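Being a predicted model, the structure only gives us computed values, none of them experimental.
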Amino acid sequence: MAYSSGGGRRAVIVALVDMFDTLKPPGLDALMIIVAGLGATLVIVQPFTSPSYMLSYALDPTLFAATIFLALRGAAGITGLVESGVMQAFLSYPLSRTHIAAALYASRILAPSIIILGAPTATIAIAMWPLVSQDPAEFIATYAAYLAQALMYGSVFMLIALISKTPGTSGVLSVAFYFAYTVLLGLLLYIVGRAAGVELLQRVAEASYLPGIALIYYGGGSIEIWQPLMVPFLLVASLAVVYLYFTRRFEP
C-alpha cells in the first residue's frame, strides 16, 4: 500500500514535469487563443437554438487542431524522450511501468485534449450562457463526445510513437492513421453502405465519429444502442494495447 501510494505521488510528479515540456510555449498557448477566439466568433455570428449544434460548430475545427497537436507534439514527443535519454531516466526511477505509462498519457494526451477542446467550450459557455443554460447536460455531453474522440486518436498516436521511436515516423504515421480512419471508415464506408443499401455499414460509419452520434441524438434522430459505445470501446481497446506494449515489450 505504501509503495502504491508513493508510486502514485511520484507518477504525478513525472506527469507534471513532462506536461511542462508538452505544454510549454510556443505552441499550445497560441493554439488555445486561436481556437477560443475562432470558436466564439463562429458561434456568435450564427443563429443557434441547440447547445449541441452550437458547440459542434466550433469544436469540429478545434478537434482537427487538437488531433494534429497530439500527433505532432503530444504523442510524437514521446519519441523525443527516447532519443534524449529522458525515457531511460524515467524507467530507472522506483516507479512501475504502469505508473509511468499513466503519467505519460496524462501529460501527452489527456491534458492537451482537455485544454485545447476546453478553451472554446469555456469561451462559448460564457458568451452564450442564455442558450447553454437551457440544457447544460446536452452542452457538457457534446464536449465529452469530442473529448472521447480526441482521446481515442491520441491513444493510437501514443502506441505508434512507442513502436516507431522516431519523431518523423511517428508524426507521419499518426497523421496517416487519422486521415485513413476518417476517410476510409467514416466517409467511404458510409458511401458504400448507402450505395449497396446496407444499413449496418452506414451505422458503423456514423458510429466512428462520436460527436456526430451526439448531434443525431440531440437533434431527435434515431441511433442504435451500440453506436455511442463504438468510440469509447476503441478508446479502451487502444489504451489496453498501449498499456500492454509499454509494460511488457517497450524498450527505449
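In summary, of the residues considered (Arg203, Met230, Met152, Gln227), a side-chain contact (heavy atoms from CB on, under 4.5 Å) with Ser208 occurs for Met230 alone.
Nearest heavy atom pair, residue Leu235 against residue Ala148, reads CD2-O, 4.4 Å. For Gly219 against Tyr53, the heavy-atom pair with the smallest separation is CA-CE1, 4.2 Å. Closest heavy-atom contact between Ala137 and Tyr218: O-OH, 4.2 Å. Shown here for Ser238 and Val156, the closest heavy-atom pair between the two residues is CB-CG2, 4.1 Å. The minimum heavy-atom distance between Pro51 and Leu131, with the atom names listed, is CG-O, 3.7 Å.
The same ILVMFWY cluster, assembled from side-chain heavy atoms under 4.5 Å apart, contains both Phe179 and Tyr209. Neither Leu187 nor Leu201 shares a network with the other; the hydrophobic side chains, linked directly or stepwise wherever heavy atoms of I, L, V, M, F, W or Y lie under 4.5 Å apart, form separate groups for each. Tyr143 is not connected to Ile140 by any chain of hydrophobic side-chain contacts under 4.5 Å among Ile, Leu, Val, Met, Phe, Trp and Tyr, and they are in different clusters. Cluster membership for Leu59 and Phe64, using ILVMFWY side-chain heavy atoms within less than 4.5 angstrom, is shared. A continuous path of hydrophobic side-chain contacts links Phe177 to Ile68 [ILVMFWY only; heavy atoms under 4.5 Å].
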Carefully, step by step, assess Met128 and Met54 under the rule side chain to side chain contact (heavy atoms under 4.5 Å, CB included). CA-CA 9 Å; Met128 304 295 290; Met54 175 182 65; 3.6 Å; yes
Please report the C-alpha distance between Ser155 and Tyr105 in whole Å, then the side-chain angles of each, then the deciding distance to 0.1 Å, and finally whether the side-chain hydrogen bond (donor to acceptor under 3.5 Å, both in side chains) criterion is met. CA-CA 8 Å; Ser155 300; Tyr105 187 82; 3.0 Å; yes
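Residues Thr67 and Gln149 bring no donor and acceptor atom of their side chains to less than 3.5 Å of each other.
Side-chain atoms of Arg249 do not come within 3.5 Å of backbone N or O of Leu244 as any donor-acceptor pair. Looking at Ser92, its side chain does come within 3.5 Å of a backbone N or O of Ala89 through a donor-acceptor pair.
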